[in-house]
Amino acid sequence: MAADRVRVRIAPSPTGDPHVGTAYVALFNYAFAKHHGGDFVLRIEDTDRARSSRASEEAILRSLRWLGLRWDEGPDVGGPCGPYRQSERAAIYREHAELLLERGHAYRCFCSAERLERLRERQRAAKTPPGYDGQCRELSADEVAVQLAAGAAHTVRLKMPRTGEAVFDDQLRGTIRMPFAHSDDQVLLKSDGLPTYHLANVVDDHLMAISHVVRAEEWIPSVPKHLRLYEAFGWQPPRMVHLPLLRNNDKNKSKISKRRNPVSLDYYREAGILPQAMLNFLALMGWSFGGDQEKFTLEQMIERFDLAPGSVGLGGPVFDLEKLSWLNGLYLRDLSDEQLVDQLIAWRLNRDYFLRLAPLVRERIRRFDEFVPLTEFFFSGDLELGAVGQQLVPKKRSARDTAAVVDALTDELDGVRDWLPEALEPVLRACCERLQWTSREVFMIVRIAVSGRAASPPLFDTMVAVGRDLCRRRLRQAALWLRAQPHTEPAVAAAPGPKG
RNA sequence: GGCCCCAUAGUCUAGUGGUUAGGACGUCGGCCUCUCACGCCGAUAACCCGGGUUCAAGUCCCGGUGGGGUCACCA
């Protein structure tokens with residue numbers, strides 16, 4: 001592999017839904033690589049055993065393919081630097097940790113999780129900066145040998161310098177310097193033998209000959225640790241490029257999050273956003289094509305995109321659904337009638353989908369002309385919660401409490417991957433139990449949020465047919481709606497009295 | 001709180017010392033039209049504040065302020 005070849009990577013962690021932020025970073029990596037005739041590598045960072053899942057990994061791959069971003073190397077297509085799934089590279093990381101240990105750049109830490117928790121508590125109470133106190137940093141060889149002989153669980157920590165500063169040039173931001181002392185002795189190898197992000201990332205980027213690390217700015221604070229690692233290994237660090245973070249459409253423009261904004265790519269696909277429109281829109285986040293042109297293809301973007309200093313705006317761009325929809329409309333209008341109809345059929349207007357609705361409506365319709373009104377909400381996006389919205393709040397409950405319950409339900413539902421009636425029901429019933437709200441209350445809330453009506457086909461079947469992503473979107477919207485209501489006490493809410 | 005990043009209209013952005021500060025979404029108005037939408041035309045609205053440097057600062061420097069990120073055996 002030529003030393004100056006541009007090689008970039010996207011390294012998603014398969015711990016949830018395919019995230020729009022992943023697509024954003026992937027797009028910029030991809031466009032950069034292709035502009036320079038380089039390689040785009042997909043690496044799965046699944047070293048968190050508890051949270052990673054194969055289902056999530058598959059969903060991420062599916063979404064990236066949907067967008068049309070093709071990787072040259074990855075877990076599914078292989079490549080010269082494999083394996084591309086970190087869980088399959090455990091031995092590599094262990095060897096490298098061993099190397100650091102030998103060279104005295106790392107040490108074994110026998111502190112228990114409990115001790116670390118107590119330490120953090122103390123630091124919080126004393127208002128001193130949090131971080132590992134280095135208790136095991138100076139253990140003698142004998143002490144370590146004793147612990148090891150006893151088979152004590154341990155981690156491997158990086159020995160950070162106590163003085164000096166990390167200095168690096170971010171390709172977009174210029175020189176950034178941070179005191180080493182601010183970084184504590186990061187765990188590199190967990191007690192389960194798998195690496196943390198920091199070790200795996202540095203080792204893989206080096207072994208995979210990554211030339212430019214292009215990732216989100218939330219990673220800037222961990223650069224000193226990474227630089228220290230490159231130095232300890234005696235490796236040349238790659239060029240660093242930190243992209244701005246996508247933001248919510250709220251007052252403070254916080255980092256984009258599922259509570260405030262749909263973040264799953266599945267949601268956008270289900271909503272009928274075309275992949276080209278999504279890519280085009282993401283490209284507009286921090287970057288501009290030139291001239292006054294806003295609509296362009298991926299190929300056109302590649303031609304011009306280079307990540308030169310100043311070429312990407314660094315203010316965190318707000319992800320604006322309204323503008324995305326406008327742009328998508330432009331793409332839809334490029335379709336012929338035939339193509340548009342084909343797309344609609346592929347979406348929901350097809351036999352398979354109607355077949356799922358049939359059992360839900362057969363007892364409820366008397367004439368064909370009642371079908372569309374009855375099933376309208378299966379084909380809609382956000383619902384207008386007008387008068388029915390009032391019924392979201394159960395008797396003797398407040399809108400505010402109801403909103404909190406909706407949030408709790410939605411957080412819980414985020415974790416449900418198998419979106420089936422038999423999976424949904426126990427989860428929601430468990431929520432009732434935990435929240436101490438009756439199933440009657442909770443089910444009605446969910447029914448109204450999901451269908452926009454107080455009367456619907458059976459709730460769980462309805463939720464399944466509406467779909468995982470749209471259900472969760474509507475629940476989030478319902479919570480927002482509830483919070484927008486004037487604050488009233490439960491007793492007052494029930495009475496029609498004059499407005500205060 | 002420490003450290004770091006950032007800062008042009010409500011939102012996405014152009015702008016690289018001299019511009020009536022340009023475009024887009026949104027909003028409002030008009031045209032088109034049986035209605036709506038599309039399309040077209042127009043309007044609304046911005047350089048966070050204070051110091052410097054300079055003949056000249058949105059643009060360069062410093063300091064505030066504001067926002068964000070981060071401080072895990074998660075990534």
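A, B, ... follow the sequence lines: proteins, then strands. Residue 1 opens every chain.
Around CD of Q293(A), the count of heavy atoms belonging to other residues, nucleotides or ligands within 6.0 Å exceeds 12.
Here R259(A) pairs with D411(A) in a salt bridge; the nearest charged N to carboxylate O distance falls below 4.0 Å. A salt bridge links D72(A) and K34(A); the closest N-O separation between the charged side-chain nitrogens and carboxylate oxygens is under 4.0 Å. A salt bridge links E98(A) with R108(A); the closest basic N to acidic carboxylate O contact falls under 4.0 Å. Under a 4.0 Å N-O distance rule, the pair D76(A)/R65(A) qualifies as a salt bridge. One finds a salt bridge joining R120(A) and E117(A) here, because a Lys/Arg side-chain nitrogen approaches an Asp/Glu carboxylate oxygen to under 4.0 Å. Here R468(A) pairs with D17(A) in a salt bridge; the nearest charged N to carboxylate O distance falls below 4.0 Å. For R476(A) and D414(A), the salt-bridge test passes: some basic side-chain N is under 4.0 Å from an acidic carboxylate O. One finds no salt bridge joining R157(A) and D184(A) here, because no Lys/Arg side-chain nitrogen approaches an Asp/Glu carboxylate oxygen to under 4.0 Å.
Closest approach to the P317(A) side chain among U13(B), G67(B), G69(B) is made by U13(B) (side chain taken as heavy atoms from C-beta onward).
The CG-P distance, from N201(A) to A72(B), rounds to 18 Å in whole Å. In this entry the distance linking CZ of R118(A) with P of A72(B) reads 17 Å, nearest Å. Atom CD in E117(A) sits about 11 Å away from atom P in A72(B), given to the nearest Å. Residue D334(A) contributes atom CG, which lies 11 Å from atom P of G39(B) at whole-angstrom precision. Atom CG in D337(A) sits roughly 18 Å away from atom P in C38(B) (whole-Å rounding). Atom CG in D170(A) sits about 18 Å away from atom P in G69(B), given to the nearest Å. Atom CG of N328(A) is separated from atom C1' of C12(B) by 17 Å (rounded to the nearest Å).
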Would you tabulate the pairs of protein nitrogen or oxygen atoms and nucleotide nitrogen or oxygen atoms of nucleotides 41-44 of chain B closer than 3.5 angstrom?
none

N/O to N/O distances under 3.5 Å, protein versus nucleotides 73-75 of chain B:
residue : atom : partner : partner atom : Å
C73(B)  : O2   : S191(A) : N            : 2.8
C73(B)  : O2   : S191(A) : OG           : 2.7
C73(B)  : N3   : S191(A) : OG           : 3.0
C73(B)  : N4   : C111(A) : O            : 3.2
C74(B)  : OP2  : K190(A) : NZ           : 3.2
C74(B)  : O2'  : D48(A)  : OD2          : 2.9
C74(B)  : O2'  : R51(A)  : NH2          : 3.1
C74(B)  : O2   : R51(A)  : NH2          : 3.1
A75(B)  : OP1  : T47(A)  : OG1          : 2.7
A75(B)  : OP1  : K190(A) : NZ           : 3.0
A75(B)  : OP2  : Y197(A) : N            : 3.1
A75(B)  : O3'  : E45(A)  : OE1          : 3.0

Pairs under 3.5 Å (N/O, protein and nucleotides 2-6 of chain B):
residue : atom : partner : partner atom : Å
G2(B)   : N2   : H182(A) : NE2          : 2.4
C5(B)   : O3'  : R173(A) : NH1          : 3.4
C5(B)   : O2'  : R173(A) : NH1          : 2.2
C5(B)   : O2'  : E217(A) : OE1          : 3.2

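To the nearest whole angstrom, the two C1' atoms, one in U8(B) and one in A24(B), are 14 Å apart. Nucleotides A7(B) and U11(B), compared at atom C1', are 15 Å apart to the nearest Å. When the P atom is compared between U19(B) and G69(B), the two are found 37 Å apart, to the nearest whole Å. For the C1' atoms, the distance linking G26(B) with U13(B) amounts to 15 Å, nearest Å. Using atom P as the reference point in both U33(B) and A37(B), the two lie 16 Å apart (nearest Å). As rounded to the nearest Å, G66(B) and G39(B) have C1' atoms that lie 41 Å from one another. Spacing of P atoms, U27(B) relative to G63(B), comes out at 42 Å, to the nearest Å. On the P atoms, C28(B) is 16 Å away from U44(B), given to the nearest whole Å.
Counting only distance, with no hydrogens or angles, the side chain of R173(A) and the backbone of H242(A) share a donor-acceptor pair below 3.5 Å. A distance-only check finds no donor-acceptor pair linking the side chain of R215(A) to the backbone of V25(A) [under 3.5 Å]. Formation of a donor-acceptor pair under 3.5 Å by the R474(A) side chain with backbone atoms of L383(A) is not found in this model.
Residue K255(A) places no side-chain N or O under 4.0 Å from the OP1 or OP2 atom of G67(B).
Residues H206(A) and Y230(A) keep their aromatic ring centres 6.0 Å or farther apart. In this structure, the ring of F32(A) has its center no less than 6.0 angstrom from the ring center of F28(A).
Base-pair partner of A24(B): U11(B) (Watson-Crick or G-U wobble, both distances under 3.5 Å). In this entry G66(B) has C6(B) as its Watson-Crick or G-U wobble partner, both defining distances falling under 3.5 Å. Across every strand in view, C38(B) sits unpaired, with no contact that passes the Watson-Crick or G-U test at under 3.5 angstrom.
If you check every strand for non-hydrogen atoms under 4.0 Å, G310(A) touches nothing. Across all strands, K253(A) comes closer than 4.0 Å only to sugar-phosphate atoms, never to a base (heavy-atom distances).
W219(A) and Y197(A) have parallel rings, their planes meeting at less than 30° on a 0 to 90° scale where 60° marks the start of perpendicular.
Looking only at atom types and distance, the side chain of R228(A) has no donor-acceptor partner in the side chain of Q186(A) under 3.5 Å away.
Geometric assessment of K295(A) against the ring of Y331(A) yields a positive cation-pi assignment under the 6.0 Å and 45° thresholds.
In terms of the ring-ring contact (aromatic ring centres under 6.0 Å, His included) criterion, W347(A) has no residue partners (sequence neighbours excluded).
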Protein-to-nucleotide contact annotation, 5' to 3' order, nucleotides 20-28 of chain B [B base; S sugar-phosphate only; - none; under 4.0 Å, heavy atom]: ---BBSS--
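For RNA chain B, none of the residues of residues 265-276 of chain A falls under the heavy-atom distance limit of 4.0 Å.
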